[in-house]
Amino acid sequence: MLGININKIALISVIFNLIDVLSVILPVLLAVAFMTIIERKQLAAHQRRVGPNTVGYYGVLQPIADALKLIVKETVIPSQSNKVLFYLAPVSTLIFSLLGYDLWGIIPFGQGLSLSDFSLGIFYTLALSSLGIFGVLLAGWSANSKYAFLGSLRSTSAMISYELILSSAILIVIILNGSLNYITIIENQQAIWFIVPLLPVFIFYFIAILAETSRTPFDLQEAESELVAGFFTEHSSVPFVFFFLSEYSSIILFSCITSILFLGGYNMPELFVNDTFINLQSIVLGLKTCIICFMFVLVRATLPRLRYDQLISLCWLNLLPVAVAFIILVPSILVAFDIAPY
Amino acid sequence: MSVPYRQDMPPSGGFEAIKYKRNLPFRGPGGLAILGGVTAICAYGFYRVGKGNLEKRELRREKAWSRIHLVPLLLAESDRDAYRREQAALAREREIMKDVPGWEQVGRSVYSSSRYRSPEIAIL
């Protein structure tokens with residue numbers, strides 16, 4: 001009798017945990033779907049076109065139609081490819097960006113509104129976001145196509161190079177906080193959002209996340225005029241959808257992390273007293289994330305592509321020295337004026 | 001018959017320079033202005049960060065000292081409570097065991113030494 005009760009309790013707690021996780025994952029998956037339509041509509045607006053406007057109201061259901069089309073397409077597998085790795089690559093990329101959704105689990109959406117208040121949150125983020133490279137490498141190698149292989153080499157070296165800049169910028173934020181915990185970082189920004197004292201750092205951080213998500217000025221791994229489609233040249237239908245999803249989910253994830261690290265997360269100016277039951281903090285976080293997503297698309301609509309050697313030399317010769325200089329400068333300021341948080 | 005010829009020569013003073021340079025208008029603030037502006041913004045930001053950090057330190061110091069001042073009171077309270085519970089337990093034992101012949105002295109220490117030992121068991 002007692003045993004049955006314990007099993008029941010365990011089952012109920014498992015179900016509640018699942019609901020917890022799903023309540024975070026499902027909105028994020030929906031956001032990924034709508035990120036694609038937002039990008040297309042915004043690009044169209046920049047180029048004074050209409051954009052997709054047929055499916056649903058103003059074309060909002062376009063991503064669903066796209067996904068349906070891609071899923072019912074035939075999956076073509078190259079006969080000389082390594083079939084296991086060929087399938088494993090998109091799956092691992094998507095899984096790591098779904099672990100990225102585990103990152104969503106440690107992102108606070110408001111005071112006390114996170115699945116887990118992990119004290120080493122930023123370490124966890126950096127560790128998991130580095131793992132996505134393996135999917136790219138596997139995809140390029142296993143397809144047995146020189147185009148895919150070249151694309152994967154380019155992607156991998158660019159991502160590894162720019163991860164250095166990204167980690168340096170995040171390290172500066174960590175130094176300014178003395179903490180790796182997201183909630184502590186957000187609460188420290190009640191004094192001022194870190195984009196103000198760290199304006200130059202924010203600029204090269206933004207360049208680094210553009211390169212890390214392989215967005216437009218740095219998207220030569222997907223350059224249509226030089227390579228066919230980058231590392232996923234041979235992937236069609238569902239494996240392609242996986243790559244597509246993971247790319248857009250990483251855009252949203254990095255936007256969210258940017259708004260937490262530099263734009264104050266769920267903090268907002270105290271313009272009025274909110275005594276309703278509506279939690280405005282999560283809405284504020286969402287708005288800030290949307291602003292960064294908008295900037296992603298704005299950059300894509302504005303800038304031309306870099307050449308590959310320019311991409312790498314920009315990272316190693318220009319950005320890295322600046323990043324190292326700031327790593328020295330910021331703690332020096334904290335120590336010199338005796339304003340360290342610890 | 002000699003035809004008078006004239007060699008085609010450059011004009012006196014040479015050709016003028018080829019106009020290949022782009023003539024782009026200079027727009028926006030200059031480099032020094034941008035550098036100064038960014039520095040000013042960063043300085044204000046660090047000023048605010050510093051104020052916030054100093055306030056955080058002050059709050060931490062206040063918390064530590066409030067705990068330091070509270071500890072004697074809490075300790076005295078818990079001592080008083082432990083003593084009251086112990087005396088009550090002894091009284092209960094005395095009441096229950098009054099009719100049992102040969103029952104040892106209530107409250108006698110289990111150790112031979114006469115040194116005081118604080119009670120190891122919290123009596124609830």
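Below, chains carry the letters A, B, ... as their sequence lines are ordered, and counting in each starts from 1. Note that this is a predicted model, so its numbers are computed, not measured.
Atom OH of Tyr5(B) is surrounded by 12 or fewer heavy atoms from other residues, nucleotides or ligands within 6.0 Å. Counting heavy atoms of neighbouring residues, nucleotides and ligands inside a 6.0 Å radius, atom CG of Leu317(A) exceeds 12 of them. Within 6.0 Å of atom CD in Glu93(B), more than 12 heavy atoms from other residues, nucleotides or ligands are found, so the atom counts as buried in its surroundings. Surrounding CD1 of Ile18(B) are at most 12 heavy atoms belonging to other residues, nucleotides or ligands under 6.0 Å away. Around CD of Glu58(B), the count of heavy atoms belonging to other residues, nucleotides or ligands within 6.0 Å exceeds 12.
For Asp338(A), the parts lying near chain B are the backbone and the side chain together; criterion is any non-hydrogen pair under 4.5 Å. Heavy atoms of Ile333(A) lying under 4.5 Å from chain B belong exclusively to its side chain. For a residue to count as touching a neighbouring chain, one of its non-hydrogen atoms must lie under 4.5 Å from one of that chain's; by this rule Lys56(B) touches chain A with the side chain only.
In this structure, the side chain of Arg57(B) engages the main chain of Ala340(A) through a donor-acceptor pair within 3.5 Å.
Put simply, the side chain of Ile339(A) does not reach to within 4.5 Å of the side chain of Tyr47(B), judged on heavy atoms.
Shown are Ile41(B), Val38(B), Thr39(B); of these, the side chain to side chain contact (heavy atoms under 4.5 Å, CB included) with Pro200(A) is made only by Val38(B).
Here the shortest heavy-atom pairing between Gly45(B) and Val196(A) reads CA-CG1, 3.7 Å.
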